[in-house]
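In what follows, a structure is listed as structure tokens, so that the remarks can point back to it.
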Amino acid sequence: MSKIYNVGIIGGGVSGVVISLQLAKYGIDNIVFEQEPSVVNGPPFCHLHAGGNLYPDISDEQCRILMKQSIEMARLFPQSIDERPTFISIPKTEVYTVENIESRLEMLVSYYKELIKEDPENEILGAPENYYKLYTKTDLVALAAQSTVKRPTSADEWMTNAIKLIDYEKLKTPIILVQEYGWNLFRLGAQAQLALEKAEHCDLKMNTFVTEIKDVREQNLDYNWEIHTKDAIYKVKYLVNSSGFKTGTIDESLHLNTERLIEFKAAYVSKWKPIPGLIPELIFHGKRGTPHGMAQLTPYCDEYYQIHGMTEDITLFENGLVHSEGNTVQPEFNKSITQKLHRDWKADEIKSRTENAIDFVGKFMPSFKSATVGGPPMYGAQQIPGNDPNLRVGEVHFPCPSYARSEIVKASSALTVANQILNKIKEEGHISIIPSKVKQNPLLDCISKQDINVLSSELAIQRGYPGALSKLVIEKD
Ligand SMILES: Cc1cc2nc3c(=O)[nH]c(=O)nc-3n(C[C@H](O)[C@H](O)[C@H](O)COP(=O)(O)OP(=O)(O)OC[C@H]3O[C@@H](n4cnc5c(N)ncnc54)[C@H](O)[C@@H]3O)c2cc1C
């Protein structure tokens with residue numbers, strides 16, 4: 001008789017891999033199906049949203065959740081965190097006010113202190129009193145006269161390097177520097193893949209597409225679901241759908257109907273000239289979807305920079321946000337977006353969108369206009385449960401017994417979802433879990449930095465990106 005797994009997980013994105021490793025930490029055997037040749041191969045991520053400061057429009061509650069979840073994920077995958085701050089500014093043309101952002105930052109400092117009180121190891125964003133710093137026009141003028149620092153170690157040094165390049169006359173003051181860090185998806189993917197391959201209780205099937213799920217719950221068998229692939233059928237007691245923007249296709253095969261949005265977006269890889277000192281991530285706020293939506297410049301190693309521009313000719317796309325309608329559980333993109341999702345980008349569109357992105361940042365940092373295309377775009381579709389496109393914290397749904405659907409919107413929610421699924425599996429009596437107070441996962445902790453360096457570089461190159469995108473700007477011991 002073929003093996004019966006406790007849990008079958010469809011999708012080896014950040015959500016699926018974290019669920020698998022959390023289950024394995026408690027000795028619960030599971031099998032992960034990923035159609036691609038490596039894990040964490042879906043939509044990109046580059047920013048650890050430890051406070052939601054890229055989103056002036058979301059609620060304080062969402063900001064707190066983003067901070068808590070980001071800290072949890074950073075503790076799980078420390079080698080994927082790039083500890084450089086984020087420069088947050090509002091152009092004078094925009095309606096947002098610095099006062100609103102500032103009062104939210106105060107709230108976040110208090111909340112961060114609470115998290116540290118709960119567990120001192122949560123202090124991964126530096127001391128709470130240094131979580132953010134405001135810079136007035138006078139401060140900026142003084143810092144702009146200082147020398148550039150090759151590898152900044154204080155907020156003022158980071159701000160000095162940035163402000164010497166930026167046309168700050170275009171920005172409202174004060175300007176903010178906040179400890180929201182970079183997040184390297186290649187490094188997270190490498191650490192997770194190495195851990196999954198080693199873990200006794202995980203069976204990782206890459207290059208394996210799930211074609212169909214059969215519900216056998218009524219047949220009084222020792223298992224509840226059959227997972228079908230081209231070559232085999234796998235039996236599992238508990239089913240986890242973590243197939244990202246494709247969660248609807250699994251729901252469809254189970255005749256479950258749920259409202260959801262899916263959104264296609266892209267960021268662009270550019271190469272610039274060497275500059276004398278490292279700069280923080282740069283954010284120039286603006287209303288999403290308008291021609292002056294937010295611009296985001298994310299620094300990587302070796303003069304590579306990733307750019308988001310929240311306008312339709314850069315990161316967003318015409319008809320890029322689609323909704324499930326009537327009985328259609330899985331929304332569908334039009335032909336042009338579907339082709340891009342299948343890596344079929346036209347060279348002239350890569351060039352024109354990357355150049356638009358460079359010019360967009362160049363409005364605020366004129367010397368950046370000399371940057372050029374540095375690689376293919378980083379793109380993908382993400383799911384947003386329900387019908388609110390501004391939702392940033394999706395979690396998990398349990399539409400019927402023995403079935404969980406992960407609905408994360410930001411990568412930072414992955415551990416929360418994994419723990420919610422563990423609790424549900426226990427509650428439904430599939431397994432008795434011995435609760436542990438240990439937040440870390442030994443399966444991840446035993447993966448060496450050297451092995452992460454090697455595999456993350458291979459993953460970047462295999463996917464057509466410069467190997468430099470797998471390195472941290474601020475290297476960790
Ligand atoms: C441009 C862009 C920028 C972003 N930036 C950030 C950021 O800075 N910070 C952040 O936190 N979040 C960011 N996000 C969101 C983040 O990418 C997603 O939240 C996250 O990747 C979702 O992870 P997931 O595991 O749920 O889904 P996915 O990563 O989509 O994983 C699902 C996996 O399931 C596999 N799969 C699907 N169907 C099947 C099947 N039938 N059989 C086998 N395998 C299957 C897919 O191949 C895929 O690997 C960004 C998203 C985009 C689009």
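Each ligand, and each atom within it, is numbered from 1 in the order the structure gives. Numbering of residues begins at 1 and proceeds along the displayed sequence. Heavy-atom basis, side chains included; hydrogens, waters and symmetry copies ignored.
Close placement of the Phe33 and Tyr234 rings is indicated, their centers lying within 6.0 Å of each other. Ring-centre distance between Tyr379 and Trp345: below the 6.0 Å cut-off. Taking the six-membered ring for Trp, Tyr304 and Tyr465 have ring centres at least 6.0 Å apart.
Heavy-atom contacts of Trp183 reach the following atoms of ligand 1: 11 (O) (cutoff under 4.0 Å). Short contacts between ligand 1 and Phe33, defined as distances under 4.0 Å to a heavy atom of the residue, involve ligand atoms 43 (C), 44 (N). Which parts of ligand 1 touch Lys410 is read off a 4.0 Å heavy-atom cut-off, strictly below it: atoms 10 (C), 11 (O), 12 (N), 13 (C), 19 (O). Each of the atoms 25 (O), 29 (O), 31 (O), 33 (C) of ligand 1 lies under 4.0 Å from some heavy atom of Gly13. Annotation for ligand 1: atoms under 4.0 Å from non-hydrogen atoms of Ser242 are 32 (C), 34 (O). Set against the non-hydrogen atoms of Val409, the atoms of ligand 1 under 4.0 Å away are 15 (C), 18 (C), 19 (O). Less than 4.0 angstrom separates some heavy atom of Phe209 from each of these atoms of ligand 1: 40 (C), 41 (N), 42 (N), 43 (C). Of all atoms in ligand 1, numbered sequentially from 1 with element shown, those under 4.0 Å from a heavy atom of Lys265 are 1 (C), 52 (C), 53 (C).
The residue Glu263 has no part lying near ligand 1, judged by heavy-atom distances below 4.0 Å.
Ring orientation note: the planes of Phe333 and Phe264 are nearly perpendicular, at an angle over 60° on the 30°/60° scale. Taking the six-membered ring for Trp and thresholds of 30 and 60 degrees, Phe364 and Phe284 have nearly parallel ring planes, at less than 30 degrees apart.
Of the polar atoms of Ile10, none of the N or O atoms is found under 3.5 Å from an N or O of ligand 1, judged by distance alone. At a 3.5 angstrom cut-off on N or O pairs, Gln383 does not count as close to ligand 1. Residue Ala381 has no N or O atom closer than 3.5 Å to an N or O atom of ligand 1. In terms of N/O distances under 3.5 Å, ligand 1 is approached by His47. In terms of N/O distances under 3.5 Å, ligand 1 is approached by Ser15. Below 3.5 Å of separation, one finds an N or O of Gln35 facing an N or O of ligand 1. Looking at ligand 1, you won't find any N or O of Met378 less than 3.5 Å from one of its N or O atoms. Checking only distances, Cys46 does come within under 3.5 Å of ligand 1, N or O to N or O.
Residue nearest to atom 29 (O) of ligand 1, selected from Ser413, Pro43, Gly244: Pro43 (by heavy-atom distance). By heavy-atom distance, the residue among Ala266, Ser412, Gly12, Pro44 lying nearest atom 16 (C) of ligand 1 is Pro44.
When only non-hydrogen protein atoms are considered, atom 53 (C) of ligand 1 lies nearest to Gly380 O, 3.4 Å. From the protein, the heavy atom lying nearest to atom 33 (C) of ligand 1 is Glu34 OE1, 3.5 Å. Atom 34 (O) of ligand 1 has Gly11 CA, 3.1 Å as its closest protein atom, hydrogens excluded (heavy atom only). Among all non-hydrogen protein atoms, the one lying nearest atom 52 (C) of ligand 1 is Gln382 OE1, 3.6 Å. In terms of protein heavy-atom proximity, atom 11 (O) of ligand 1 is nearest to Ala411 N, 3.0 Å. What sits closest to atom 42 (N) of ligand 1 on the protein, heavy atoms only, is Val210 N, 2.9 Å. For atom 38 (N) of ligand 1, the closest non-hydrogen atom of the protein is Ser243 CB, 3.5 Å. The nearest heavy-atom contact from the protein to atom 23 (O) of ligand 1 is Val14 CG1, 3.4 Å.
Distances shorter than 4.0 angstrom occur between a heavy atom of Thr208 and an atom of ligand 1.
Between the Asn441 side chain and the Leu443 main chain, a donor and an acceptor come within less than 3.5 Å of each other. The backbone N or O of Gly16 sits nowhere less than 3.5 Å from a side-chain atom of Ser20 that would complete a donor-acceptor pair. Of the possible polar contacts, none joining the Glu83 side chain to the Tyr181 backbone as a donor-acceptor pair under 3.5 Å is found. The closest donor-acceptor contact from the side chain of Lys410 to the backbone of His49 lies at 3.5 Å or more, if one exists at all.
Within a 6.0 Å sphere centred on NE2 of His397, other residues, nucleotides and ligands contribute 12 heavy atoms or fewer. Heavy atoms of other residues, nucleotides or ligands lying less than 6.0 angstrom from NZ of Lys449 number more than 12. For Lys424, the NZ atom counts as densely surrounded, since its 6.0 Å shell holds more than 12 non-hydrogen atoms of other residues, nucleotides or ligands. Enclosure of atom CD in Glu121 is not indicated, since only 12 or fewer non-hydrogen atoms of other residues, nucleotides or ligands lie within 6.0 angstrom.
Residue pairs meeting the salt bridge (Lys or Arg N to Asp or Glu O under 4.0 Å) criterion with at least one member in residues 204-214, sequence neighbours excluded: Asp203-Lys205. Sorted by first and then second residue, the salt bridge (Lys or Arg N to Asp or Glu O under 4.0 Å) pairs involving residues 60-74 (not counting sequence neighbours) are Glu61-Arg64, Lys68-Glu72.
Counting all heavy atoms, side chain and backbone alike, Val39 lies closest to Gly189 at CG2-O, 3.6 Å.
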